[in-house]
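Scroll down for the structure; my scribbles are underneath it.
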Amino acid sequence: MLLPFEPLRQLWGEPLMAPGTAPRAPIRRVSTDSRGDLAGALFVPLVGERFDGHRFVADAFAAGAAAAVVQRDRLDGSALAELVTGGGGPIWPVDDTLAAYQQLARLWRRQLGLPVVAVTGSAGKTTTRELIRAALAPLGPVVASSGNENNDVGAPLTVLKADTGTAALVVEMGMRGLGEIDRLSRCAEPDVAVITNIGTAHIGRLGSREAIGQAKCEITAGLGPEGVLVIPAGDPLLEQSLARVWRGRVVRVALEDEAADFPAGVPAAELVGRLDGRSLILLDGPNLPLPLEGRHNARNLLLAVAVARELGVPATALADLAVDLPGGRARRLTLGGVELLDETYNASPEAMLAALELLAAPEGACEGRRYAVLGTMLELGERSLELHRQVAGRARALGLDGLVIVAAEAEAQAMLAAAAGLPRLARAATPEEAATVLLDWLEPGDRVLLKASRGVALERAIAVLEAGLGPAA
């Protein structure tokens, strides 16, 4: 990074500096962490519920920071004067250091001028992000969000990781309420935006799918008039939400066998694929191997193909995508002859249903029986019992051989009632107890799905299963 001082002056005016001093060398990076070597860095102290980075501004300057941005309500005049005269560099007082951090990311994004893709949705954001990362690899080095870098802090951090050698940037955008994706989109100013779906994740916070649709469509806030939005075809709610905020180009994708059932009046898909076992056959292009199992991942791959086309990558270059997902997402293990589908990272109703379909899919045929361990789905509000019943009812309808439930009392009872009739059905108080129940059921050739919201920590069951079945093959 090489960020001159002049654009910073345009953002925040003249900085506070000791008389007779001049700004140090141009900014070479932006940091919110005062630890380590900060030579040439612009230090941005963030404020949270349990921390305040303003305690460490002096430490940042001592570590070599070239300048700092501080929040006016956190440092009074005497404290600022002491920092300036005590050997610190230029300091810009601002109203909100988090907003300043996002402004810096936007400034850097504009200076780089590289193609930016933004991704949001109720389910499948991270998987689609990684498919897009892989699909854009023919362009050169791609920087993408990692871990949970999809919020007010993580999205600008992702943008600031890009450099002059970066060919494309992929920014995941999550949300916990209205307005957050709007801020993130204005920060990243994407050229292409993707909405994977409108589901029920966080419905307890937003109250309705309509409000969730409104929140997800905020991704168009920073999308310029020449930008393009990529979405799955066939969802009237998504189309209605978009019509209120976006008048630009929309590219719609769909699986061929689902397109026939779309409601009347819903726009048709521009990019259509036919699922054939572990392959996706594009109706206007080549046959692409599926890097990840499941119909839901075939749809996600179509979204990634559409993005790649928009940015000049031909579908013929996508035949061998190398997708590396974070832990607990689409992870496959074999323990003592038992296949384990590790989907423990998080869960929404839509993702739960997709994972159950994958477990029961004919193309995923296993020699033995199919079991699932399903945990609580959080932040569903008044619809929590209804949605938990729906998921457990689907497990019964798919004819699973057994289900272990790790959930709070009300949700657990709702799921037990909906799944009644399965050959084996149990409730466990902890992930470890669920694994112990499974060990009494499992035999070589069986297949098991583990899925729950992050707060359940269902991954703790894996260690118990490994101890009982043997290490991963």
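Scope of the values below: all heavy atoms of this structure, side chains included, with no hydrogens, waters or symmetry mates.
The pair E343-R332 meets the salt-bridge criterion, with a side-chain N (NZ, NE, NH1 or NH2) lying under 4.0 Å from an Asp/Glu carboxylate O. Ion pairing between a basic and an acidic side chain is recognised when a charged N comes within 4.0 Å of a carboxylate O; D191 and R109 show such pairing. The pair R369-E443 meets the salt-bridge criterion, with a side-chain N (NZ, NE, NH1 or NH2) lying under 4.0 Å from an Asp/Glu carboxylate O. E270 has no carboxylate O lying under 4.0 Å from a charged side-chain N of R309, or vice versa, which leaves the two without a salt bridge. Using a 4.0 Å cut-off between charged nitrogen and carboxylate oxygen, E130 and R329 do not count as a salt-bridge pair. Note on R274 versus D276: no salt bridge recorded, every NZ/NE/NH1/NH2 to OD/OE distance being 4.0 Å or above. Contact check on R447 versus E293 returns a salt bridge, with a Lys/Arg side-chain nitrogen under 4.0 Å from an Asp/Glu carboxylate oxygen. Between R424 and D440 there is no salt bridge, since no side-chain N of the basic residue sits under 4.0 Å from a carboxylate O of the acidic one. Between E459 and R454, at least one side-chain nitrogen of the basic residue sits less than 4.0 Å from a carboxylate oxygen of the acidic one, meeting the salt-bridge criterion.
I219 is listed as a side-chain neighbour of L229, based on a closest heavy-atom distance under 4.5 Å. By the 4.5 Å heavy-atom criterion applied to side chains, P267 and R252 are counted as neighbours. Side-chain contact between V159 and V171 is present, with heavy atoms from C-beta onward closer than 4.5 Å. Counting only heavy atoms from C-beta outward, the side chains of L465 and L442 approach each other to under 4.5 Å. Between V307 and V170, the closest side-chain pair of non-hydrogen atoms is not below 4.5 Å. Contact of the K161 side chain with the S146 side chain is registered, since non-hydrogen atoms from C-beta on lie closer than 4.5 Å. Counting heavy atoms from C-beta outward, T200 and S122 have side chains that stay 4.5 Å or more apart. At a threshold of 4.5 Å between non-hydrogen side-chain atoms, the residues S453 and T376 do not count as touching.
When every heavy atom of L131 is checked against every heavy atom of L301, the shortest pair comes out as CD1-N, 3.7 Å. The minimum heavy-atom distance linking I181 with G174 is given by the pair CG1-O, 3.5 Å. Nearest heavy-atom pair, D342 versus T344, reported as atom, atom and distance to 0.1 Å: OD1-OG1, 2.7 Å. When all heavy atoms of T220 and S185 are compared, the closest pair comes out as C-OG, 4.2 Å. Contact detail for L290 and G277: the closest heavy-atom pair is CD1-O, 4.1 Å. When every heavy atom of L458 is checked against every heavy atom of L450, the shortest pair comes out as CD2-C, 3.8 Å.
Taking CG of D182 as the reference point, atom CE of M173 lies at 10.0 Å (rounded to 0.5 Å). Atom CD1 of I405 sits about 5.0 Å away from atom CG of L425, to the nearest 0.5 Å. L160 contributes atom CG, which lies 12.0 Å from atom CZ of R106 (distance to the nearest 0.5 angstrom). Atom CZ of R370 is separated from atom CG of L341 by 9.5 Å, given to the nearest 0.5 angstrom. Atom CD1 of residue I212 and atom CD of residue E210 lie 9.0 Å apart, to the nearest 0.5 angstrom.
Listed by chain and number, the residues in a side chain to side chain contact (heavy atoms under 4.5 Å, CB included) with R74 are V47, D52, H54, Q71 (sequence neighbours excluded). Partners of Y371 by ring pair (Phe, Tyr, Trp, His ring centres under 6.0 Å), not counting sequence neighbours, listed by chain and number: W441.
Judged as a salt bridge (Lys or Arg N to Asp or Glu O under 4.0 Å), the pairs with a partner in residues 398-411 (not counting sequence neighbours) are, in order, E409-R427.
Between the side chains of E172 and T126, at least one donor N or O lies within less than 3.5 Å of an accepting N or O. In the model, Q102 has a side-chain atom that pairs as donor or acceptor with a side-chain atom of D152 under 3.5 Å.
S384 contributes no side-chain N or O that, together with a main-chain N or O of L380, makes up a donor-acceptor pair within less than 3.5 Å. A side-chain donor-acceptor contact under 3.5 Å links N151 to the backbone of G154. For the pair R129 (side chain) and S145 (backbone), a donor-acceptor distance under 3.5 Å is present.
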